[in-house]
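In what follows, chains carry the letters A, B, and so on, assigned in the order in which the sequence lines appear, proteins first and then strands, with residues in each chain numbered from 1.
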Number of protein chains: 2
Amino acid sequence: MAKAPTVYDVADRAGVSIATVSRVLRMPDAVRPVTRDRVLDAVTALGYVPSGSARGLAERRTGVIGLYFPGFDAAEEAPTLDVLSVGAAHPFTIIHDEAAAEGTTPEEGPGSMLFLDEVLRGAELEAWKQGFVLMVGVGRNDPDRSTVRDMAGRVDGLVVLASSVPDDVLERLAVRIPVVVLSGPPRGDSYDHVTVSNTEAMTELARLVLEQSGGRAPAFLAGPADSPDGAQRWQGFSDAMAEAGIALDDVVVVRGDFTRASGRRAAEELMANGLPLALMSANDQMALGALDAFRAAGVRVPEDLLVTGFDGIDAAALSHPRLTTVRQPMIELGRAAVQVLMNRLEHPDTDPIFVRLPLEITLRESSLRRP
Amino acid sequence: MAKAPTVYDVADRAGVSIATVSRVLRMPDAVRPVTRDRVLDAVTALGYVPSGSARGLAERRTGVIGLYFPGFDAAEEAPTLDVLSVGAAHPFTIIHDEAAAEGTTPEEGPGSMLFLDEVLRGAELEAWKQGFVLMVGVGRNDPDRSTVRDMAGRVDGLVVLASSVPDDVLERLAVRIPVVVLSGPPRGDSYDHVTVSNTEAMTELARLVLEQSGGRAPAFLAGPADSPDGAQRWQGFSDAMAEAGIALDDVVVVRGDFTRASGRRAAEELMANGLPLALMSANDQMALGALDAFRAAGVRVPEDLLVTGFDGIDAAALSHPRLTTVRQPMIELGRAAVQVLMNRLEHPDTDPIFVRLPLEITLRESSLRRP
DNA sequence: GTGAAAGCGCTAACAC
DNA sequence: GTGTTAGCGCTTTCAC
């Protein structure tokens with residue numbers, strides 16, 4: 001690796017001063033064409049690439065924005081891998097995956113994985129459009145090394161997902177650089193926020209279900225007690241019941257933990273105690289689990305009962321019947337967060353912004369009584 | 001946004017020199033505990049975060065590694081989104097998605113999307129383990145702005161996916177920083193490479209299929225002529241045929257373009273001309289399309305013919321029957337690429353490394369004749 | 001239109 | 001154990 005050429009090298013070779021080199025790169029029109037060409041030739045000849053560090057230091061901005069994700073425990077426990085010390089690896093391994101019962105769709109990783117991927121795509125796209133590059137970090141509970149702070153020193157602004165960063169840390173960072181909180185519940189009113197309307201969308205979905213079920217109360221498959229998303233969705237459901245004059249006491253509520261298995265268990269519990277006309281789940285995974293259990297027991301969806309989910313994961317479009325759900329506008333969330341951040345970079349002292357993106361209620365066979 | 005505090009501010013407040021501040025942060029043990037605590041107190045009090053730019057400039061390394069992806073045209077044509085100028089958006093929209101025939105799984109985005117997400121996760125994980133942070137860039141054919149070069153100036157090394165960067169650009173970058181080429185065909189022998197054994201795995205899979213079909217030649221559903229992956233897979237298939245003493249002239253080859261639709265068309269063509277005993281596809285999407293077409297026509301898989309795919313996308317585990325395929329070790333690819341990069345950073349002048357990761361041949365119902 | 005020179009915030013000798 | 005100081009590679013006045 002040859003030592004990277006600097007402005008000085010380019011200047012020498014082009015027979016100009018370093019100021020001129022800098023100008024050619026940043027305000028080409030301020031330089032006489034002949035000079036400019038000489039410089040550009042030197043640049044290509046040397047393979048010069050400006051140092052981001054030096055530029056960042058001088059400009060007092062990095063041109064980088066950070067996206068910080070919550071991590072999953074799974075990641076930390078990743079098996080060690082040491083590709084360099086492996087000898088000639090076998091070119092393939094054979095896996096017999098014939099065990100799974102057909103029709104039972106496998107549990108996916110945390111539902112939020114896909115969500116994060118899409119958000120990242122949106123964020124990268126928007127960052128690029130604005131001439132920035134993206135740095136990504138994943139939250140891990142490592143006592144003595146904090147990636148957020150690592151990142152904070154290298155970026156002009158930070159998009160932080162939900163509760164991936166503790167309150168006190170977030171507060172400290174926000175002093176130095178702008179922070180946008182993406183998704184999840186509001187975290188104080190000194191940050192910009194980008195979220196979706198969980199509550200309102202769930203209310204509307206419940207209205208639609210009530211229409212189909214002749215106004216009879218659906219059962220609710222709730223998420224874990226400590227999930228903010230789960231709470232908002234339950235709130236939306238409650239609102240719709242109130243609106244329809246249904247007492248919450250008359251509603252059957254089963255609590256799950258957002259996994260497919262817990263959805264299956266919930267469905268079995270319901271079947272044992274008498275089927276409701278509809279089951280509204282706080283997320284897709286549980287709804288899909290319930291769907292599996294219903295099918296196994298010969299309960300027909302939507303004929304015998306309606307089922308709805310929430311999140312819009314891909315698997316919801318692949319189930320039988322396909323699952324009615326509420327899709328998160330994932331790409332748009334990523335893009336919106338970056339837009340808000342850019343805005344903040346330009347107007348540091350305006351009031352915090354609170355952007356809500358619309359959710360997409362996606363009606364499919366699982367919630368539509370056929371005529 | 002208050003001006004960010006610097007070492008000088010911290011030094012002032014702690015009543016020490018900037019060198020001591022720097023030491024506390026980098027070699028805490030070289031500082032007397034009392035002094036150290038004074039400094040640390042000042043750090044927290046001021047919310048000091050070291051500037052990555054300044055540090056990078058002084059250390060001549062950034063602590064960042066770049067991951068550069070190929071882009072998809074879709075991304076560039078993304079609709080404009082301007083969240084800031086939107087008034088009070090409606091909290092939801094309703095989408096009627098009742099049209100799709102059940103059982104026909106929807107086309108996904110480019111199959112490589114998921115692949116990239118997983119690779120990114122692996123890369124981030126490994127980067128973190130090594131104390132680096134990750135910067136990501138997406139290749140887009142923008143004439144005058146090159147993200148790769150933007151990134152090159154800000155990172156210590158670059159992982160470049162397949163052919164996301166033109167040869168000449170890659171060559172120029174490699175002069176300045178180490179580059180690892182990930183996946184895809186080798187690109188000259190001056191870079192480190194991390195790939196998988198497409199050819200060998202396809203050969204083995206073909207052997208397994210031949211066993212099941214009594215040695216009768218399977219048909220081959222090829223990818224686009226210009227795809228390196230497609231070419232390698234075809235090569236692996238050919239090798240197996242040669243090995244089995246089957247002339248390639250006796251093999252029915254249909255060419256698709258890696259999309260699900262092209263798989264459907266290919267299946268229809270085959271059905272019109274007489275069914276083979278097996279169909280081996282160069283990727284999963286086409287195989288899934290074929291599966292759809294076969295089911296629609298009442299052809300039973302695996303009873304009437306065997307079908308195999310390649311890539312190991314999630315949908316392959318959700319089809320009916322579930323699809324035999326060859327899974328890319330995506331996470332591991334990401335991790336391996338970073339490991340190789342780290343190794344290069346430490347040993348700049350050793351010979352290029354060529355790492356091949358094993359593929360996972362995943363046998364499922366679609367290729368297993370039931371007893 | 002171009003050059004000289006003063007930082008930007010940090011690290012790492014080197015001196016004490 | 002701590003302070004002084006010379007860079008790191010760039011941008012940006014300010015002269016000319």
Distance in Å, [X] [atom1] paired with [Y] [atom2], rounded so as to fall on 0.5 Å steps:
{"X": "B:Arg38", "Y": "B:Leu40", "atom1": "CZ", "atom2": "CG", "result": "11.5 Å"}
{"X": "A:Leu182", "Y": "A:Leu158", "atom1": "CG", "atom2": "CG", "result": "11.5 Å"}
{"X": "A:Thr147", "Y": "A:Tyr68", "atom1": "OG1", "atom2": "OH", "result": "4.0 Å"}

Please tabulate, for side-chain N and O atoms in residues 12-19 of chain B, each donor-acceptor pair with protein atoms closer than 3.5 Å (sequence neighbours left out).
residue, atom, partner, partner atom, Å
B:Ser17, OG, B:Ala19, N, 3.3
B:Ser17, OG, B:Thr20, N, 3.4

Determine all donor-acceptor pairs shorter than 3.5 Å in which one atom belongs to a side chain in residues 174-181 of chain A; sequence neighbours excluded.
residue, atom, partner, partner atom, Å
A:Arg176, NE, B:Val49, O, 3.1
A:Arg176, NH2, B:Val49, O, 2.9

Problem set entry | Those residues that, when tested against A:Thr62, pass side chain to side chain donor-acceptor pair (under 3.5 Å) (two or more places apart) | A:Asp156
Problem set entry | For B:Asn343, all residues meeting side chain to side chain donor-acceptor pair (under 3.5 Å), sequence neighbours excluded | none
Problem set entry | With sequence neighbours excluded, residues passing ring pair (Phe, Tyr, Trp, His ring centres under 6.0 Å) with B:Phe354 | B:His193
Seminar exercise, completed: Outer limits of DNA chain C sitting under 4.0 Å from a non-hydrogen atom of chain A, read 5' to 3', are C:dG1 to C:dG9
For this session: Not counting sequence neighbours, list each pair that qualifies as a salt bridge (charged side-chain N to carboxylate O under 4.0 Å, His left out) and has a residue in residues 56-67 of chain A.
Result: A:Arg26-A:Glu59
For this session: Provide the full list of salt bridge (charged side-chain N to carboxylate O under 4.0 Å, His left out) pairs with a residue in residues 331-344 of chain B, sequence neighbours left out, each pair given once.
Result: B:Glu126-B:Arg335, B:Asp192-B:Arg344
Seminar exercise, completed: So the contacted stretch of DNA chain D, first to last nucleotide with an atom under 4.0 Å from a non-hydrogen atom of chain A, runs from D:dG9 to D:dT13
Problem set entry | Nucleic acid contacts - residues 25-46 of chain B versus DNA chain C, non-hydrogen atoms under 4.0 Å | B:Arg26
Exercise. Which heavy atom of B:Lys3 sits nearest a heavy atom of B:Thr6, and at what distance?
Worked result: NZ-CG2, 3.9 Å
Exercise. Above 12 or not: heavy atoms from other molecules or residues under 6.0 Å from CG of B:Asp168?
Worked result: yes
Exercise. Which residues satisfy the salt bridge (charged side-chain N to carboxylate O under 4.0 Å, His left out) test with B:Asp167, sequence neighbours excluded?
Worked result: B:Arg187
Exercise. At under 4.0 Å between heavy atoms, what does A:Val16 touch on the DNA or RNA strands: base, sugar-phosphate, or nothing?
Worked result: sugar-phosphate
For this session: May I ask you to say what A:Ser22 touches in the nucleic acid, namely base, sugar-phosphate or nothing, with a heavy-atom cut-off under 4.0 Å?
Result: base
Exercise. Pick the nucleotide of DNA chain C nearest each of A:Gly15 and B:Tyr8; which residue has the one closer to the 5' end?
Worked result: A:Gly15
Exercise. For the helix from C:dG1-D:dC16 to C:dC16-D:dG1, what angle lies between the axis at the first five pairs and the axis at the last five pairs, to 10 degrees?
Worked result: 30°
